[in-house]
Amino acid sequence: MTSESVLTEIKNSVLVITINRPDKLNALNKETIETLHETLVEAENQKEIRAVIITGAGQKAFVAGADIAEFADYSVEQGKQLSSTGHFKIFNFIENYSKPVIAAVNGFALGGGLELALACHIRVASENAKMGLPEVSLGVIPGYGGTQRLAQILGKGKAFEMIVTADMIGAQDAYKWGLANYVTTQEELLNKCFEITAKIVTKSPTAIRTAIKVINAGYNNKQNGYEVEIEEFGKSFGTSDFKEGVSAFLEKRKANFRGN
Ligand code: COA
């Protein structure tokens, strides 16, 4: 699905999603959130899509946050709804997506923009990227998972500092602290992401889906990650991808995974 605010392209079995509101630094308004959600739902069932890259249009921003103009007059109830709808449709949705999602952070990733990148499984940043959770400057707190996921990735101390100071960090610091897996020039950003997805698309989609589920289970305090791992490891032996992967190894040929 392609709308004005969300552009899509499939290349090398990878869906590239571009948030396209460059004049508003790609801020997430309701329409963008809705379209992004529908795009992801549609892509989940398309077997030919094996991974997703999310980036922002233009040279300046990945996503500069939730659309501030849109929520300026919200009530307490509307604020709560904004957060819970976002969690459900985008942030938790991406974290638990069955295919790897890479954030190609090509500029400002602020507030909901950083939270979008945090929900993705892998982050690659361009040298001009600036990341931060500036919500306390507006009198609110991060509401799309930032209070939780930033600490999971950076550790509690740095997450506290970034959230309570509202400071932005640059790409090199993001890399140093594990927030970005790689830093590239702007020109090389998507190529680096494709270098990663080129490896992903040759592997078993079934095993990848399961690995995402099990890694996430370890961060869910209602689940025991080790127990989920044992269960899912066992189930792997019943999949066609397992039979294909092992046969291919023994027959010294490339596996042709079908994702079941
Ligand atoms: N929501 C709505 N509009 C936004 C936005 C957001 N989160 N971030 C930027 N924009 C809009 C600006 O209002 C401006 O629109 P206009 O040209 O119609 O006035 C346009 O994008 C360009 O932004 P501008 O502020 O002029 O660019 P800048 O280079 O001077 O500053 C930032 C860039 C990112 C530092 C600044 O835009 C900013 O602080 N944005 C808000 C970040 C934020 O607080 N995000 C968290 C929201 S919860």
Side-chain angles (χ1 to χ4, degrees), residues 3-7 17-37 54-95 103-120 123-154 158-174 179-180 183 186 189:
S3 85
E4 230 169 77
S5 60
V6 175
L7 307 178
I17 299 178
T18 305
I19 312 288
N20 184 40
R21 298 184 72 215
D23 55 325
K24 296 289 174 193
L25 304 187
N26 305 319
L28 297 175
N29 62 358
K30 260 192 194 156
E31 197 254 316
T32 308
I33 287 180
E34 207 53 55
T35 313
L36 183 54
H37 176 71
I54 302 181
T55 194
Q59 303 287 308
K60 197 170 166 184
F62 172 67
V63 168
D67 192 313
I68 298 171
E70 210 174 61
F71 66 62
D73 298 325
Y74 272 16
S75 65
V76 170
E77 200 42 53
Q78 286 173 307
K80 190 172 168 187
Q81 195 59 46
L82 179 73
S83 171
S84 74
T85 304
H87 278 288
F88 173 69
K89 294 205 156 166
I90 302 291
F91 302 89
N92 291 353
F93 195 79
I94 289 176
E95 184 171 68
V105 182
N106 59 315
F108 287 114
L110 302 176
L114 179 55
E115 290 170 301
L116 177 61
L118 290 169
C120 293
R123 284 153 294 283
V124 181
S126 57
E127 288 160 342
N128 64 318
K130 291 241 182 297
M131 305 186 201
L133 293 177
E135 283 87 345
V136 297
S137 309
L138 297 170
V140 287
I141 62 164
Y144 285 151
T147 60
Q148 308 304 301
R149 292 192 185 102
L150 191 65
Q152 285 169 8
I153 294 169
L154 289 189
K158 268 290 168 201
F160 263 118
E161 183 184 338
M162 280 183 70
I163 291 171
V164 303
T165 63
D167 271 353
M168 288 185 218
I169 62 168
Q172 288 303 339
D173 279 341
L179 193 47
V183 178
Q186 272 225 313
L189 180 62

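Numbers here simply count residues along the sequence, with the first being 1. Whatever order the structure lists ligands and atoms in, that order sets their numbers, starting from 1.
Taken to the nearest 0.5 Å, the CE atom of M131 stands 6.5 Å off from the CD1 atom of I169.
Ion pairing between E77 and K80 fails under the 4.0 Å rule for side-chain N and carboxylate O. Between R149 and E115 no salt bridge is recorded (no basic side-chain N to carboxylate O distance below 4.0 Å).
For A104, the side-chain contact (heavy atoms from CB on, under 4.5 Å) partners two or more places apart in sequence, or in a different chain, are I53, T55, L189, L190, C193.
Listed for the N29 side chain is no donor-acceptor partner under 3.5 Å among the backbone atoms of A69.
Protein residues are said to neighbour a ligand when one of their heavy atoms lies under 4.0 Å from it; for ligand 1 these are D23, K24, L25, A27, K60, A64, A66, D67, I68, F108, L110, G111, P134, E135, L138.
The aromatic rings of F91 and H87 sit perpendicular, their planes meeting at an angle over 60°, well past the 30° parallel limit.
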